[in-house]
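Below, read A as the first sequence line, B as the second, and so on, with proteins coming before strands; counting in each chain starts at 1.
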Protein chains: 2
Amino acid sequence: MHETEEAVYALITSVLLSGQLAAGAQLVETRLAAVFGLSRERIRKILQRLGHERLLELVPNRGAFVASPSLTQAREIYEARRILEGGIAGRLAGRLDDAQVQALTAHARRERAAAKAGDRARSIRLSGEFHLLLSACCGSEFIERQLQELVSRTSMLVAFFESDTASSCACDEHEQIVEALCEGDAAAAVRTMHTHLSLIETRLRPHAQPRALADPGVVLDKAWRVGRRARR
Amino acid sequence: MHETEEAVYALITSVLLSGQLAAGAQLVETRLAAVFGLSRERIRKILQRLGHERLLELVPNRGAFVASPSLTQAREIYEARRILEGGIAGRLAGRLDDAQVQALTAHARRERAAAKAGDRARSIRLSGEFHLLLSACCGSEFIERQLQELVSRTSMLVAFFESDTASSCACDEHEQIVEALCEGDAAAAVRTMHTHLSLIETRLRPHAQPRALADPGVVLDKAWRVGRRARR
DNA sequence: TGGATATTGATTGTGCACAATCCCCTGCAG
DNA sequence: CTGCAGGGGATTGTGCACAATCAATATCCA
């Protein structure tokens, strides 16, 4: 019983991150309760959790709405990533052990392969995971959690703002970062990280996302059925 | 009605941060509800919030307990601060405007005054606020929130682990950091920040804190009455 | 017609009662 | 004396019913 709650949370999260819901759309508690076959209280707990992670905006007495970040907020998120990941790079420079270096280079290789194969979805996913992998090397559960949240919010931004013709992810830059870290050149690693994130940021376009006008209940219901079939 | 809830949250937080409660002590929902005159559900919401911030440990079907960090966890928190605040220092170097520099130096001056006057409590509080002030200079609400949480948890650690004869806070180092930031020397600023935090960390002593065996209900009740008197 | 105000309908917020869970303690057997 | 099974008591978890709130529409008066 407890595990379905987790599954619902994961499902809503993935639907939000993939941008299938219009920004600002309301997620009505009773509706979701009916769709997922959970009590309203359980749904409520899930929504609050998503609100805390800023994937939803919780308005008192009004309800839960799909976060609709402004370009200003988007820039703030990238700035936060520059600060946090700059700190990570600076701390990790010259401190990676062999296993970590191997894991990072292997990951970069996989990214390169996906990019070469033109698998855009996989490429995007791997690109995000690279940053999380790097944060995991710090050995700080706190740092990992924080970056996880930032990466999630970035995914949502990309879904809303990135032009569809986005160039392939810059796996070169990931390799450069690993290289700088191995050489122990902290300043270079931080610099590379900063420019890397700034480059990603410049890809955002304020195209007034006209997609995804569907009813959230319908979208989630469909996703739930599909997942349910796959789950057995 | 809503504001008393906020007041209760603030009160419990301050009591937790000041180390007046024994690590591992349970906060029973019904008890707190009686003390504060709130319904159990309101108390529950407050406890979950505190659990999310890791000031309490929430155990399913068991309850909320005062966090009792191990020395290992303590080190992890300081490591996280090195990473995050290193990132802040690296990002802020050479980018502070006049108003910010002025605010920071003014704060450092106040710290120095408090240290010279031997006002230990004020000195500690100001020392923590310096770091928050620095994070506010980033203009990222996210970064500010994260550091807020880390500083809170640090305060709790200090309450549990720091020797009572702790030397006065190193306001010299704070001034050094501001100086490096003004000069735009990112590497130096990061280095100073790292050593500063490491120095604070070395002050932790695993003295098996034997204090504060009082019942949480009693302590909170007393604090509540005192605050209530002061509030009008 | 215009604008302020009352009404309504849908949605969230909360108190309460009861269910589920867990720890501790007791009793018993080996 | 130790290990284990089970009961009892205290505490947390949750479904439900109703209260509070808000936006949108309807109503009324000038």
Q: Tell me, please, which residues at least two apart from B/A64 pass side-chain contact (heavy atoms from CB on, under 4.5 Å).
A: B/L47, B/L56, B/L58
(Q) So A/L27, base contact, sugar-phosphate only, or nothing? Heavy-atom distance under 4.0 Å. (A) sugar-phosphate
Q | Partner set under ring-ring contact (aromatic ring centres under 6.0 Å, His included) for B/F36, not counting sequence neighbours | A | B/W224
Q: For A/K45, enumerate each residue passing the side-chain hydrogen bond (donor to acceptor under 3.5 Å, both in side chains) test, keeping only those at least two apart in sequence or located in another chain.
A: A/E5
Q.
Let's see if you get this right: which residues in residues 43-56 of chain A place a heavy atom under 4.0 Å from DNA chain C?
A. A/R44
Q. Would you say a side-chain N or O of A/Q26 is under 4.0 Å from OP1 or OP2 of C/dA10?
A. no
Produce the list of close N/O pairs, under 3.5 Å, pairing protein atoms with atoms of nucleotides 15-22 of chain C; give distances to one decimal.
unit_1 : atom_1 : unit_2 : atom_2 : d
C/dG15 : OP1    : B/R42  : NH1    : 3.4
C/dG15 : OP2    : B/S39  : OG     : 2.2
C/dC16 : N4     : B/E41  : OE2    : 2.9
C/dT21 : O3'    : B/N61  : ND2    : 3.3

Q: Please name all residues satisfying side-chain contact (heavy atoms from CB on, under 4.5 Å) with B/A103, sequence neighbours left out, ordered by chain then number.
A: none
Q: Sequence neighbours left out, what pairs pass side chain to side chain donor-acceptor pair (under 3.5 Å) with at least one residue falling in residues 54-63 of chain B?
A: none
Q | Residues which pass ring-ring contact (aromatic ring centres under 6.0 Å, His included) with A/H107, listed by chain and number, not counting sequence neighbours | A | none
(Q) I'd like to check the side-chain contact (heavy atoms from CB on, under 4.5 Å) partners of A/Q73; sequence neighbours left out, ordered by chain and number. (A) A/P69, A/S70
(Q) Can you tell whether the side chains of B/R42 and B/E6 come within less than 4.0 Å, N to carboxylate O? (A) no
